[in-house]
Amino acid sequence: MLDIPFIEQVDSAEVAARHFGIPLAFSDPEQLAQHPNVDLVTVTVKVPDHYRPVIAAIEAGKHVYCEWPLGRDTEEAQRMLDAAERKGVCHAVGLQGQLSPTINYVKDLIADGYVGRVLAATMIGCAPNWGATLDRAFQADFANGANLTTITGGHQIDALCYCLGEFRELAAFAVTQRDHIPLEGTGELVRLTAPDQLVVSGIVGDGAAVSFQIRGGMARGTEFLFEIHGSEGDLVLAATTGGSMQRQELSLQGAQGKGARLAHLPIPAKYRFVPDGVPSASPYNVAQLYAKLAESIRNGTPAGPGFDAAVRRHRLLDAIVRASRTGQKQHVA
């Protein structure tokens, strides 16, 4: 994303407003948040710029939705959570995998004993844009908080924990395979300090052994796979299209008992909260999240996943990075 001069921001906002028939256009987050016709502020700018518009919304007493990662680091995310809690506004973070119909059905199947006691699980994902080139220069700098570990890794490990429980201990390798990387389109070499490969192993929930891997640059092979093995059965979630796990409909197979083969498990309608016409790819789980957020605002109840969930996930990523840098197993609170 480019740093656009103020006058160009104004022009861009006004052009977009005219195109989509929106009556108001702003280039200043404080002015937007303070407008009396604004009830909810959605923050979808690049991660290093999340803090200012989120805080502007909170200080204006407006409900706020922010894309994941919430902040550049845990400390910044915690400040946003504290501010939202003090002000009493509804807050939601874009960990939309938690609103996936398949993920929610799997969570309930596990809770209901479909697989018995969870013994082991494996999750594998791909991040094709973290390959030989990079399309956004700011993502090369680890300090900006927008990289393979936080974005692809954060979304997918959040789904794992949502289904199986939080990590109790872990070991990890967050690896940077290149010192520099060319920018897509220009070929300009930029220094790469963010990891482009991620491997985590550990113990989650009631003692299940898990392995987790995000493969940067891989555009072929298995796009996404989540296998859950229990004492009484197995569940397998897989990609149906290319792209990240949280941006698509996932297939689900299951089997129980010795010798039974995996079979397709249809997702019950109760796990869908949006109209039938909502596209099934990237928009779907975000729409599901917005539906739940609207319900929370109407009922005056906490939204989920909220900024508290974001801080918890930031802390897990901190533990992963520490484990990689120190070579020591981390115990996670």
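The structure presented is a predicted model; accordingly, all values stated were derived computationally and were not measured.
Here the CD atom belonging to Gln156 is positioned 11.0 Å from the CD atom belonging to Gln213, to the nearest 0.5 angstrom. Rounded to the nearest 0.5 angstrom, Arg247 CZ and Phe224 CZ are separated by 14.5 Å. Between the CG atom of Asp73 and the CG atom of Leu317 there is a distance of 11.5 Å, given to the nearest 0.5 Å. Taken to the nearest 0.5 Å, the CG atom of Leu170 stands 10.0 Å off from the NZ atom of Lys329. Rounded to the nearest 0.5 Å, atoms CD1 (Ile157) and CG (Leu95) are 12.0 Å apart. For the atom pair OG1 of Thr240 and CG of Leu252, the computed distance is 12.0 Å after rounding to the nearest 0.5 Å.
With hydrogens and angles disregarded, no donor-acceptor distance shorter than 3.5 Å links the side chain of Thr122 to the backbone of Glu227. Of the possible donor and acceptor atoms, none in the side chain of Asn299 sits under 3.5 Å from a partner among the backbone N and O of Thr301. Between the side chain of Thr326 and the backbone N or O of Gln328, at least one donor-acceptor pair lies under 3.5 Å. Looking at Ser296, its side chain does come within 3.5 Å of a backbone N or O of Lys292 through a donor-acceptor pair. In terms of modelled atom types and a separation under 3.5 Å, the side chain of Gln253 and the main chain of Ala263 share no donor-acceptor contact. Not a single donor-acceptor pair under 3.5 Å links the side chain of Asp49 to the backbone N or O of Val45. A donor-acceptor pair under 3.5 Å is formed between the side chain of Gln197 and the backbone N or O of Gly216. Remark: the backbone N or O of Gly254 is not paired with any side-chain donor or acceptor of Gln256 at under 3.5 angstrom.
Checked against Arg313 for a salt bridge (charged side-chain N to carboxylate O under 4.0 Å, His left out), the options Asp158, Asp308, Asp318 give a single hit: Asp158.
In this structure the side chain of Arg315 never reaches within 4.5 angstrom of the side chain of Arg312, judged on heavy atoms. Two residues are said to be in side-chain contact when any heavy atoms from C-beta on lie closer than 4.5 Å; Phe142 and Thr176 fail this criterion. A heavy-atom distance below 4.5 Å is not found between the side chains of Val200 and Ile214. Between Leu192 and Trp130 the shortest side-chain heavy-atom distance falls below 4.5 Å. At least one side-chain heavy atom of Ile151 sits less than 4.5 Å from a side-chain heavy atom of Pro69. The closest side-chain heavy-atom distance from Ser324 to Val321 is not below 4.5 Å. For the pair Tyr162 and Lys107, the minimum side-chain heavy-atom distance is below 4.5 Å. Proximity of Ile203 to Phe167: side-chain heavy atoms (C-beta onward) are nowhere separated by under 4.5 Å.
Aromatic pair Trp68/His314: centroids less than 6.0 angstrom apart.
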Quiz item: Does the side-chain contact (heavy atoms from CB on, under 4.5 Å) test come out yes or no for Leu183 and Asp135, once each step is laid out?
Solution: CA-CA 6 Å; Leu183 295 181; Asp135 58 353; over 6 Å; no

Exercise. Check step by step if salt bridge (Lys or Arg N to Asp or Glu O under 4.0 Å) holds for Asp28 and Arg52.
Key: CA-CA 10 Å; Asp28 180 274; Arg52 180 186 168 192; 3.2 Å; yes

Quiz item: Given Leu99 and Tyr284, is the side-chain contact (heavy atoms from CB on, under 4.5 Å) satisfied, shown in steps?
Solution: CA-CA 9 Å; Leu99 280 300; Tyr284 196 87; over 6 Å; no

Exercise. Dump the intermediate steps for salt bridge (Lys or Arg N to Asp or Glu O under 4.0 Å) on Glu232 and Arg117, then the final yes or no.
Key: CA-CA 7 Å; Glu232 307 297 330; Arg117 180 188 173 203; over 6 Å; no

Practice problem: Could you give me the CA-CA distance, side-chain angles and deciding distance for Val64 and Lys62, then say whether side-chain contact (heavy atoms from CB on, under 4.5 Å) is met? | Solution: CA-CA 6 Å; Val64 59; Lys62 303 300 173 67; over 6 Å; no

Quiz item: Could you walk me through whether Arg178 and Asp196 pass the salt bridge (Lys or Arg N to Asp or Glu O under 4.0 Å) check?
Solution: CA-CA 8 Å; Arg178 304 169 175 85; Asp196 54 15; 3.2 Å; yes

Quiz item: Passes side-chain contact (heavy atoms from CB on, under 4.5 Å), Ile267 versus Arg272? Steps please.
Solution: CA-CA 9 Å; Ile267 311 302; Arg272 302 187 185 277; 4.3 Å; yes

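Looking at every heavy atom in both residues, Met218 comes nearest to Pro128 through O-CG, 3.5 Å. Among all heavy-atom pairs drawn from Ile55 and Ala83, the shortest one is CD1-CB, 3.9 Å. Residues His50 and Glu67 approach most closely at CE1-O, 3.3 Å, considering heavy atoms. Looking at every heavy atom in both residues, Ala287 comes nearest to Val278 through CB-CG1, 4.0 Å. Cys126 approaches Thr222 most closely through the heavy-atom pair SG-O, 3.1 Å. Closest approach of Ala238 and Leu225 over heavy atoms only: CB-CD1, 4.4 Å.
The hydrophobic clustering, which links ILVMFWY residues whose side-chain heavy atoms are closer than 4.5 Å, places Val43 and Val47 apart. Taken together through direct or relayed side-chain contacts under 4.5 Å among Ile, Leu, Val, Met, Phe, Trp and Tyr, Val115 and Leu265 form part of one hydrophobic cluster. Using a 4.5 Å cut-off between side-chain heavy atoms of Ile, Leu, Val, Met, Phe, Trp and Tyr, with links allowed through other members, Phe226 and Leu262 fall into different hydrophobic clusters. Both Leu164 and Tyr114 are part of a single hydrophobic cluster, where members link through side-chain heavy atoms under 4.5 Å apart. Under the 4.5 Å side-chain contact rule for hydrophobic residues, Leu24 and Val41 share a cluster.
For the side-chain hydrogen bond (donor to acceptor under 3.5 Å, both in side chains) condition, the pairs that include at least one residue of residues 82-92, sequence neighbours left out, are Gln78-Asp82, Glu85-His91.
Comment: Arg136 does not engage Glu184 in a salt bridge, judged by the lack of any side-chain N to carboxylate O separation of less than 4.0 angstrom.
Tyr271 and Tyr105 have tilted rings, their planes meeting at an angle from 30° to 60° on a 0 to 90° scale.
Taking the centre and axis of the six-membered ring of Phe138, the NZ or CZ atom of Arg72 falls outside the cone set by 45° and 6.0 Å.
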